[in-house]
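In what follows, chains carry the letters A, B, and so on, assigned in the order in which the sequence lines appear, proteins first and then strands, with residues in each chain numbered from 1. Note that these values count all heavy atoms, side chains included, but never hydrogens, waters or copies made by symmetry.
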Number of protein chains: 2
Amino acid sequence: MSSTYTHSKKNQSLTKNQRIVLDLLQNSGEPLKAYFILDSLKKEGLNSPLQVYRALDKLVELGKIHKIESINSFIICNNSNCASNTAFTICERCGKVKEIKNKYLKDSVSDLVKDNQLEITRYNLEFYVLCKSCKIN
Amino acid sequence: MSSTYTHSKKNQSLTKNQRIVLDLLQNSGEPLKAYFILDSLKKEGLNSPLQVYRALDKLVELGKIHKIESINSFIICNNSNCASNTAFTICERCGKVKEIKNKYLKDSVSDLVKDNQLEITRYNLEFYVLCKSCKIN
DNA sequence: TTACATATGTAATAGTATAACATTAGAGGT
DNA sequence: ACCTCTAATGTTATACTATTACATATGTAA
Ligand SMILES: [Zn+2]
Ligand SMILES: [Zn+2]
Ligand SMILES: [Zn+2]
Ligand SMILES: [Zn+2]
C-alpha cells in the first residue's frame with residue numbers, strides 16, 4: 001500500500017471517490033483547492049476535475065466538508081452540528097483558516113437572525129483576522 | 001451620446017475606467033459579473049478583462065462596491081458606512097441579492113465579535129434565504 | 001523639470017468549474 | 001435471479017474567472 005493517507009473506517013456509506021476525497025481533507029485539516037486535490041489523488045485513480053468536483057459537491061451537501069467561498073477551497077468540517085452553516089476566521093496575512101467552533105457565537109448569530117426577522121435557510125460567515133503568529137511579526 | 005448609462009456628477013476623483021464601471025454598477029443595482037461588465041462596456045472603450053478587474057479591485061478597496069464571493073459578482077454598496085464589511089441576503093432559488101442595511105444587525109455583529117474576543121479586521125456575511133416572491137411560488 | 005507613484009493598454013496564460021454523453025454500480029421490488 | 005430506476009463514474013471538451021508580464025501613459029509633488 002503506497003497510499004499517503006490512512007483510510008478511516010468510518011464514512012462507509014460514501015462512494016469510493018467521495019471517500020478518498022474526504023480522507024484527504026480529513027488528514028490535511030486545512031483548506032485545499034480542487035485542482036490540488038486532483039493532483040494529490042492521481043495515484044488513487046482520479047483523473048479529471050469533474051470527478052473531484054462531483055465528490056466535493058456531494059460532501060458539501062452531506063455537511064461533511066465546507067467550501068470557503070473567498071478562497072475557492074474546501075475544508076473538513078470541524079463540528080458536528082453545522083448543517084450547511086459555516087463560520088470561519090481567515091488570516092489576512094498568511095491565509096490560515098479556522099472553523100469557528102464557539103457554540104455561543106453560533107447561538108448569537110441565530111438570535112441575531114431571529115431578532116432581525118430574517119428567515120434564513122443557511123449562512124456563511126467569513127471573519128478576516130490577523131492570526132496570533134502574524135500579529136507578533 | 002449613445003451611452004446606456006447616465007454619468008453621475010459625483011465620483012470625480014475616480015479615473016475614467018473606474019468611473020464607468022462604477023456607473024454601470026450604480027445604474028444596475030444588482031450583482032454583475034466581471035465579464036458581463038466587460039461586454040457591457042466595450043462601447044466605452046474597455047477591451048480586456050484586466051481593465052475591468054483593475055477598476056473593480058480599486059472600487060472594492062475604496063468601499064464603493066462589494067464583491068459577493070459565492071457568486072463571483074460585484075454590486076454597488078448600498079450603505080455609507082460599510083468600510084470593508086459586507087452583509088448580504090442571497091435567495092437560494094432565484095439568486096436575488098440584497099445588501100443588509102439594518103444598522104442593528106451590523107451593531108449586533110460587532111457586539112458578537114467583541115463578546116467572542118475575535119479581533120477582526122473585517123467580515124463578510126452571506127445569509128441564504130428564500131425571497132418573498134420565491135416563497136409565494 | 002524631474003522623479004515617483006498610479007493607472008492604462010494589450011497579449012498571453014493560469015486557475016476554477018460545468019456541459020454533454022456514454023457507461024457502470026447499487027438499491028429495491030417482483 | 002431478474003428487471004427497473006437512480007445515483008455515481010469516466011471522459012472529452014469547453015466555459016468561466018482571474019492574473020502575469022511588460023510596455024506606455026498620466027497625474028502629483030518636490
Ligand atoms: Zn462545520
Ligand atoms: Zn496569519
Ligand atoms: Zn456596503
Ligand atoms: Zn427568490
Side-chain angles (χ1 to χ4, degrees), chain A residues 7 11-25 28 30-75 86 90 92 95 97 124 126, chain B residues 7 11-25 28 30-75 86 90 92 95 97 124 126:
Chain A
H7 283 280
N11 312 320
Q12 287 299 350
S13 71
L14 300 176
T15 66
K16 171 178 158 275
N17 287 356
Q18 291 159 13
R19 196 171 53 249
I20 64 177
V21 169
L22 181 60
D23 281 345
L24 179 64
L25 285 167
S28 160
E30 57 180 15
L32 301 181
K33 286 166 176 280
Y35 277 71
F36 175 89
I37 293 172
L38 177 57
D39 287 342
S40 303
L41 295 178
K42 283 264 167 68
K43 53 183 170 322
E44 309 292 334
L46 289 200
N47 297 307
S48 82
L50 202 43
Q51 292 176 297
V52 173
Y53 280 109
R54 286 199 280 226
L56 289 171
D57 286 351
K58 192 65 186 180
L59 293 170
V60 166
E61 190 187 320
L62 295 174
K64 294 188 179 295
I65 66 172
H66 299 302
K67 179 173 186 183
I68 305 165
E69 296 289 353
S70 57
I71 55 174
N72 302 314
S73 300
F74 299 85
I75 192 170
T86 57
I90 305 171
E92 287 209 295
V97 171
N124 171 47
E126 302 176 335
Chain B
H7 284 281
N11 312 323
Q12 288 300 352
S13 72
L14 300 177
T15 66
K16 172 179 158 274
N17 288 355
Q18 291 159 14
R19 196 172 52 247
I20 64 177
V21 169
L22 180 61
D23 281 346
L24 180 64
L25 285 166
S28 161
E30 57 180 17
L32 301 181
K33 286 169 176 277
Y35 276 72
F36 175 89
I37 293 172
L38 177 56
D39 287 342
S40 304
L41 295 178
K42 283 265 166 67
K43 54 184 168 321
E44 309 293 336
L46 288 200
N47 298 308
S48 82
L50 197 45
Q51 292 175 298
V52 174
Y53 280 109
R54 286 199 280 225
L56 290 171
D57 286 350
K58 192 66 186 183
L59 293 170
V60 166
E61 190 187 319
L62 295 173
K64 294 187 178 296
I65 67 173
H66 298 304
K67 180 174 186 183
I68 305 164
E69 295 289 354
S70 57
I71 55 174
N72 300 315
S73 300
F74 300 84
I75 192 170
T86 57
I90 305 172
E92 287 210 294
V97 171
N124 171 48
E126 302 177 335

- [ ] Check every nucleotide of DNA chain C for an atom under 4.0 Å from a heavy-atom of chain A, then give the first and the last such nucleotide from 5' to 3'.
- [x]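 Nucleotide range with atoms under 4.0 Å of chain A: dT16(C) to dA20(C).
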Could you tell me how far apart [X] ([atom1]) and [N] ([atom2]) are, to the nearest whole angstrom?
X      : N       : atom1 : atom2 : value
E69(B) : dT17(D) : CD    : P     : 13 Å
Y53(B) : dA21(D) : OH    : P     : 18 Å
K33(B) : dA15(D) : NZ    : P     : 16 Å

TODO: Please list, chain by chain and in numerical order, all residues satisfying salt bridge (charged side-chain N to carboxylate O under 4.0 Å, His left out) with E92(B), sequence neighbours excluded.
DONE: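 Per chain and number, E92(B) pairs via salt bridge (charged side-chain N to carboxylate O under 4.0 Å, His left out) with R122(A).
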Open item on the list: I'd like to check the salt bridge (charged side-chain N to carboxylate O under 4.0 Å, His left out) partners of D57(A); sequence neighbours left out, ordered by chain and number.
Closed with: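 For D57(A), no residue satisfies salt bridge (charged side-chain N to carboxylate O under 4.0 Å, His left out) once neighbours in sequence are set aside.
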Task: Candidate list I37(B), L46(B), T15(B), test side-chain contact (heavy atoms from CB on, under 4.5 Å), partner I20(B), passing option - done: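 In the set I37(B), L46(B), T15(B), the residue that makes a side-chain contact (heavy atoms from CB on, under 4.5 Å) with I20(B) is L46(B).
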Task: For the student: nearest non-hydrogen atoms of Q18(A) and K58(A), plus distance - done: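 Reported closest heavy-atom pair: NE2-CG, 3.4 Å.
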- [ ] Check K67(A) against N72(A) and note the closest heavy-atom contact, atom names and distance.
- [x]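 Minimum heavy-atom contact is CE-CA, 4.4 Å.
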Open item on the list: So, taking the atom named CG in L24(B) and the one named CG in L32(B), what distance separates them when rounded to the nearest 0.5 Å?
Closed with: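 With rounding to 0.5 Å, CG (L24(B)) is 5.5 Å from CG (L32(B)).
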- [ ] Applying side chain to side chain contact (heavy atoms under 4.5 Å, CB included), name anything that partners I71(B), two or more places apart in sequence or on another chain.
- [x]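 Result, side chain to side chain contact (heavy atoms under 4.5 Å, CB included) vs I71(B): P31(B), I68(B), S73(B), V97(B).
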TODO: Heavy atoms under 4.0 Å is the rule here; annotate nucleotides 9-14 of chain D 5' to 3' with B where the base is hit, S where only the sugar-phosphate is, and - elsewhere.
DONE: BBBB--
Open item on the list: Under the ring-ring contact (aromatic ring centres under 6.0 Å, His included) definition, can you give me all pairs with a residue in residues 31-54 of chain A, not counting sequence neighbours?
Closed with: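 Found none.
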